[in-house]
2 protein chains.
Amino acid sequence: MKINRSVEQGVYVMLMLALQKGHTPIKSQVLSTRLEVSDSYLKKILRKLVVAELVNSSASKDGGFTLGCDITAVSLLDVCTAVDATDQLIMPELNLANRVFPGDEVHIAQSQEIVNHAFSDAQSAFNTELAQVKLSSLLERSSFQHGVVDWATLI
Amino acid sequence: MKINRSVEQGVYVMLMLALQKGHTPIKSQVLSTRLEVSDSYLKKILRKLVVAELVNSSASKDGGFTLGCDITAVSLLDVCTAVDATDQLIMPELNLANRVFPGDEVHIAQSQEIVNHAFSDAQSAFNTELAQVKLSSLLERSSFQHGVVDWATLI
DNA sequence: ACATCTAAGGACTTTATATATCTACGGAAT
DNA sequence: ATTCCGTAGATATATAAAGTCCTTAGATGT
């Protein structure tokens, strides 16, 4: 079990957008330079955040990305789900049961069902925990309410 | 988040050992042909189960693998932990915080701490669920108490 | 003590996935 | 019309999973 690195990138992008003074658009390049990650790769992550409606984008001169949600309502789970498509499909297809219970269709189905159900429950429990942590808990209220940083001009 | 394929192999190997008549040793080749997986690879998985003391091994003629534990006490979590080393290390090293809170050591540490803690809690919740499903729930008691199948001679 | 069968282990190859890059395209603002 | 910037697909690289092969070592029966 492993968490995608892009989850971290997604989280801190969201924080930067939340901190942006006046919540004005930030260009992808400003984000990527500051986070010291590849711009073209970060753009793909940004795109996923846009599709998930966590972020807005504007393609024009003076365009860029802005926050598309209430930072106090968005959780780590929301970012994970948006950024990591593999977030849900946990288990590889089970196909060994029919080798261990040959011909016994009932047992085959039952054992696979139990295993799948167990992992599905485990995943739910995992998600429930992540859903409880809002992104705003990583910041101070005063900082993100109207934004305090202009990333583009910050040295 | 993704589950290793070898977890499934580990689980069904355990079931085969539990079902083995008289709990006599089964050779790796018998296991691998029945499960239709590569023998040399299955041996590596078996080795991990041996190290975790879920399985015993004997290297000799008429040797092989036997159950090394009480199947009613062993859970899916035990198999996962034994077979998948990445079971624990969930998060890649966080290092973006110091780009978003430049110079603010307190915030850097705090935000990383919150994220790490969240994922750690999530992992625990995940494991708790898996620990509740014992391997014996995949079988009928009468089947594994003394074993009902001789895999080596089964057609 | 020896022959024999089997697990153990290391080095290696192959395959898949994550991560990152490049280039061309198209929309929006001025 | 021009310019900036996001979008998208093809491509390259890095890293991890999955599988193979060969050698070594351990237990058993004779």
Side-chain angles (χ1 to χ4, degrees), chain A residues 1-10 13 17 24-33 35-66 68 80 83-87 89-93 95-96 151-152, chain B residues 1-10 13 17 24-33 35-66 68 80 83-87 89-93 95-96 151-152:
Chain A
M1 201 159 70
K2 226 177 55 179
I3 297 301
N4 219 314
R5 175 190 292 264
S6 50
V7 169
E8 188 194 4
Q9 299 174 0
V13 160
L17 295 178
T24 55
I26 316 180
K27 301 173 209 178
S28 79
Q29 192 141 39
V30 172
L31 293 165
S32 60
T33 338
L35 293 178
E36 287 179 314
V37 299
S38 134
D39 186 54
S40 43
Y41 195 56
L42 187 65
K43 277 181 180 171
K44 294 190 193 298
I45 293 169
L46 283 163
R47 177 62 186 152
K48 291 179 183 174
L49 294 174
V50 170
V51 170
E53 297 186 315
L54 301 182
V55 161
N56 293 323
S57 68
S58 156
S60 73
K61 194 174 164 174
D62 300 324
F65 297 88
T66 54
C80 281
V83 151
D84 186 359
T86 73
D87 187 42
L89 35 124
I90 260 224
M91 208 61 189
E93 197 185 348
N95 57 4
L96 296 182
W151 295 105
Chain B
M1 200 160 70
K2 228 178 54 182
I3 296 301
N4 221 314
R5 175 190 291 265
S6 50
V7 169
E8 188 195 2
Q9 298 176 1
V13 160
L17 295 178
T24 54
I26 316 179
K27 301 173 207 176
S28 79
Q29 191 139 41
V30 173
L31 293 166
S32 59
T33 37
L35 293 178
E36 287 177 314
V37 299
S38 132
D39 185 55
S40 41
Y41 195 56
L42 186 66
K43 274 182 181 168
K44 295 189 198 296
I45 294 169
L46 283 164
R47 179 61 188 153
K48 291 179 182 174
L49 294 174
V50 170
V51 170
E53 297 186 315
L54 300 182
V55 161
N56 294 322
S57 68
S58 155
S60 73
K61 190 174 167 178
D62 300 325
F65 297 88
T66 54
C80 282
V83 152
D84 186 0
T86 73
D87 188 41
L89 34 126
I90 260 223
M91 210 57 191
E93 197 186 346
N95 55 6
L96 296 182
W151 294 105

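Values below: every heavy atom of this structure, side chains too, minus hydrogens, waters and symmetry copies. What you are looking at is a predicted structure, and each value in this text was computed from that prediction instead of being measured. Throughout, protein chains are lettered first and strands after them, A, B, ... in sequence-line order, and every chain is numbered starting at 1.
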*Asks:* Tell me: CG of Asn56(A) to C1' of dT7(D), nearest whole Å?
*Replies:* 16 Å
*Asks:* For Ser57(B), answer base if it contacts any base atom (sugar-phosphate contacts may also be present), sugar-phosphate if it contacts only those atoms, and nothing otherwise; contact means non-hydrogen atoms under 4.0 Å.
*Replies:* sugar-phosphate
*Asks:* Side chains of Asn56(A) and Val50(A): closer than 4.5 Å at any heavy-atom pair?
*Replies:* no
*Asks:* Report the distance from atom NZ of Lys44(B) to atom C1' of dG19(D), rounded to the nearest whole Å.
*Replies:* 9 Å
*Asks:* Side-chain N or O of Asn4(B) versus OP1/OP2 of dA18(D): is the shortest distance under 4.0 Å?
*Replies:* yes
*Asks:* Specify the separation, in whole Å, of atom NZ of Lys48(B) and atom C1' of dG9(C).
*Replies:* 13 Å
*Asks:* Answer yes or no: is there a side-chain heavy-atom contact under 4.5 Å between Val30(B) and Lys27(B)?
*Replies:* yes
*Asks:* So does Arg5(B) get a side-chain nitrogen or oxygen closer than 4.0 Å to the phosphate oxygens (OP1/OP2) of dA17(D)?
*Replies:* no
*Asks:* Between dC22(C), dG9(D), dG19(D), spot the one nearest the side chain of Ser40(A), thanks.
*Replies:* dC22(C)
*Asks:* Does any part of the side chain of Trp151(A), heavy atoms only, come nearer than 4.5 Å to the side chain of Leu31(A), both counted from C-beta?
*Replies:* no
*Asks:* Report yes if the side chains of Val55(A) and Thr66(A) come closer than 4.5 Å at any heavy-atom pair, otherwise no.
*Replies:* no
*Asks:* Just the atom pairs and distances: protein N or O near nucleotides 4-6 of chain C's N or O, under 3.5 Å.
*Replies:*
from: dT6(C); atom 1: OP1; to: Lys27(B); atom 2: NZ; distance (Å): 2.4
from: dT6(C); atom 1: O4'; to: Ser60(B); atom 2: O; distance (Å): 3.2

*Asks:* Would you say the side-chain atoms of Glu8(B) pair up with the backbone N or O of Leu96(A), donor to acceptor, closer than 3.5 Å?
*Replies:* yes
*Asks:* Please report the distance, rounded to the nearest Å, between CG in Leu35(A) and P in dA20(C).
*Replies:* 12 Å
*Asks:* Between the side chain of Ser6(B) and the main-chain N/O of Gln9(B), is any donor-acceptor distance below 3.5 Å?
*Replies:* no
*Asks:* In this structure, how many angstroms lie between the C1' atom of dA20(C) and the CD atom of Gln29(A), rounded?
*Replies:* 15 Å
*Asks:* Whole-Å distance between dT17(C) P and Ile3(A) CD1?
*Replies:* 17 Å
*Asks:* If the cut-off is 4.0 Å, is Gln9(A) near the phosphate of dA20(C), judged by side-chain N/O to OP1 or OP2?
*Replies:* yes
*Asks:* Without decimals, in angstroms, what is the distance between Tyr41(A) OH and dA18(C) P?
*Replies:* 8 Å
*Asks:* Expressed in angstrom and rounded to an integer, what is the separation of Ile45(A) atom CD1 from dA20(C) atom P?
*Replies:* 8 Å
*Asks:* At what distance, to the nearest 0.5 angstrom, does CG of Leu54(B) lie from CG of Leu46(B)?
*Replies:* 11.0 Å
*Asks:* If only side-chain N and O atoms of Arg47(A) are considered, is one of them under 4.0 Å from the OP1 or OP2 phosphate oxygen of dA8(D)?
*Replies:* yes
